**Student:** 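If you scroll down you'll find the structure; I have some questions about it.
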Amino acid sequence: MKLGLIGLGKMGYNLALNLLDNQHEVVATDVNSSQVENIAKDGATPAQSIVELVDKLEAPRTIWMMVPAGEITEQVLSELKPLLSVGDRVIDGGNSNYKDTLRRSEEMDAYGIHYFDVGTSGGTEGARNGACYMIGGDETEFRKIEAIFKDTAIESGYHFAGRTGSGHFLKMVHNGIEYGMMQAIGEGFDILEKSPFDYDYEQVANVWNHGSVIRSWLMELTESAFSKDAKLEDIRGVMNSSGEGKWTVESALDLQTAAPVIALSLMMRYRSQEDDTFTGKVVAALRNEFGGHAVVKN
Ligand SMILES: O=C(O)[C@H](O)[C@@H](O)[C@H](O)[C@H](O)COP(=O)(O)O
């Protein structure tokens with residue numbers, strides 16, 4: 001089918017190639033005009049702006065946004081909204097907060113526009129060769145555009161989860177799980193690193209990927225990382241985060257659900273941003289106050 005694609009970053013560009021490989025007609029735009037020129041060479045119809053993109057599609061239009069969550073998604077939508085017609089469909093393929101999705105879909109509903117929230121997993125490799133989609137929206141409308149997800153997903157890699165918001169909520173929880181799993185892997189290797197034994201971490205990850213209970217794509221990525229840098233000496237242990245873990249923990253608190261592993265893995269990410277902590281200073285000072293215990297001076 002013919003569709004518009006807004007956003008030709010790492011994910012969007014690969015998704016465009018994937019759609020083109022699957023014989024879909026893609027009209028693509030990005031703020032970076034060289035990306036637009038490149039995708040035109042790869043077979044898409046270029047559009048220099050959102051206005052031009054909308055112009056090159058016939059109603060009812062289907063427009064897939066692959067832009068960063070938050071401010072940029074908001075900007076794209078406010079530009080898009082007045083250009084669309086009743087019956088058009090907008091897909092948010094980013095990691096948006098499901099609460100933003102619920103608000104945006106209500107705003108779109110008022111214009112008669114169908115809004116889909118599509119949590120997309122599998123990274124850039126998945127976007128290129130087969131992604132995993134978690135989809136929320138109107139089911140009847142979804143069935144009309146199902147082919148674009150089916151064709152660009154890995155086999156059995158898309159799921160219509162239910163009403164609007166359910167796709168991004170599902171992706172949020174997925175990412176919370178991702179935080180906990182990665183933290184556990186990190187901790188395991190930390191224990192090995194401090195042990196009296198001399199392990200080859202690439203080989204450890206490799207054997208764990210052969211028949212063990214914890215074999216997984218994350219463990220394959222662990223193996224790959226250690227194959228490039230045996231002790232990860234080139235990088236610091238600073239763990240950034242984009243928000244999904246925090247939203248998962250916030251949701252768990254709202255729902256009064258115990259999620260200690262995810263919560264602590266989020267806090268470990270925050271902790272990793274600091275070389276020293278004020279918490280540590282206060283505790284050290286208190287031990288010194290009540291017991292005269294030694295402190296480490298600056
Ligand atoms: O499923 C995926 O493909 C990933 O989760 C992907 O969506 C992205 O890499 C994370 O959003 C990073 O999240 P953090 O920056 O919060 O670690």
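Whatever order the structure lists ligands and atoms in, that order sets their numbers, starting from 1. On a predicted model such as this, the values are computed, not experimentally measured, just so you know.
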**Student:** Counting each atom of ligand 1 from 1 as listed, which ones have a heavy atom of His174 under 4.0 Å away?
**Tutor:** 1 (O)

**Student:** For ligand 1, which atoms have a heavy atom of Arg269 less than 4.0 angstrom away?
**Tutor:** 14 (P), 16 (O), 17 (O)

**Student:** Do Trp208 and Tyr201 have ring centres separated by under 6.0 Å?
**Tutor:** no

**Student:** For atom 7 (O) of ligand 1, what is the nearest protein heavy atom, given as residue, atom name and distance?
**Tutor:** Lys171 NZ, 2.7 Å

**Student:** Atom 9 (O) of ligand 1: which protein heavy atom is closest, and how many Å away?
**Tutor:** Glu178 OE2, 4.7 Å

**Student:** Of the options Asp92, Val90, Ile6, Leu19, which is the one that meets Trp64 in a side-chain contact (heavy atoms from CB on, under 4.5 Å)?
**Tutor:** Leu19

**Student:** Looking at Arg104 and Glu74, is any side-chain nitrogen of the basic one under 4.0 Å from a carboxylate oxygen of the acidic one?
**Tutor:** yes

**Student:** Please determine, by modelled atom types, if Thr101 and His168 share a side-chain donor-acceptor pair under 3.5 angstrom.
**Tutor:** yes

**Student:** Counting heavy atoms not belonging to Met268, are there more than 12 under 6.0 Å from its CE?
**Tutor:** no

**Student:** Please could you name the atoms of ligand 1 that Tyr179 approaches to less than 4.0 Å, counting only its heavy atoms?
**Tutor:** 14 (P), 16 (O), 17 (O)

**Student:** Do the charged groups of Arg143 and Asp138 touch, with an N to O distance under 4.0 Å?
**Tutor:** no

**Student:** With Arg269 as the cation and Tyr179 as the aromatic partner, state whether NZ or CZ is under 6.0 Å from the six-membered ring centre and within 45° of the axis.
**Tutor:** yes

**Student:** Could you check whether any heavy atom of Gly123 sits closer than 4.0 Å to an atom of ligand 1, since that is the contact criterion I want to use?
**Tutor:** yes

**Student:** Checking the N or O distance criterion of under 3.5 Å, is ligand 1 in contact with Asn175?
**Tutor:** yes

**Student:** Less than 4.0 Å between atom 5 (O) of ligand 1 and some protein heavy atom, yes or no?
**Tutor:** yes

**Student:** Can you pull out the closest protein heavy atom to atom 1 (O) of ligand 1? Residue, atom name and distance to 0.1 Å, please.
**Tutor:** Ser121 OG, 2.5 Å

**Student:** Does the ring centre of Phe189 sit less than 6.0 Å away from the ring centre of Tyr199?
**Tutor:** no

**Student:** Tell me whether Met239 reaches ligand 1 (any heavy atom closer than 4.0 angstrom to a ligand atom).
**Tutor:** no

**Student:** Is the distance between the ring centroids of Phe169 and Tyr98 under 6.0 Å?
**Tutor:** yes

**Student:** Can you tell me which residue and heavy atom of the protein come closest to atom 14 (P) of ligand 1, and the distance to 0.1 Å?
**Tutor:** Ser242 OG, 3.4 Å

**Student:** Suppose we measure from atom 8 (C) of ligand 1 to each protein heavy atom; which comes out shortest, and what is that distance?
**Tutor:** Asn95 ND2, 4.2 Å

**Student:** Polar-atom distance check: Gly122 versus ligand 1, any N or O pair below 3.5 Å?
**Tutor:** yes

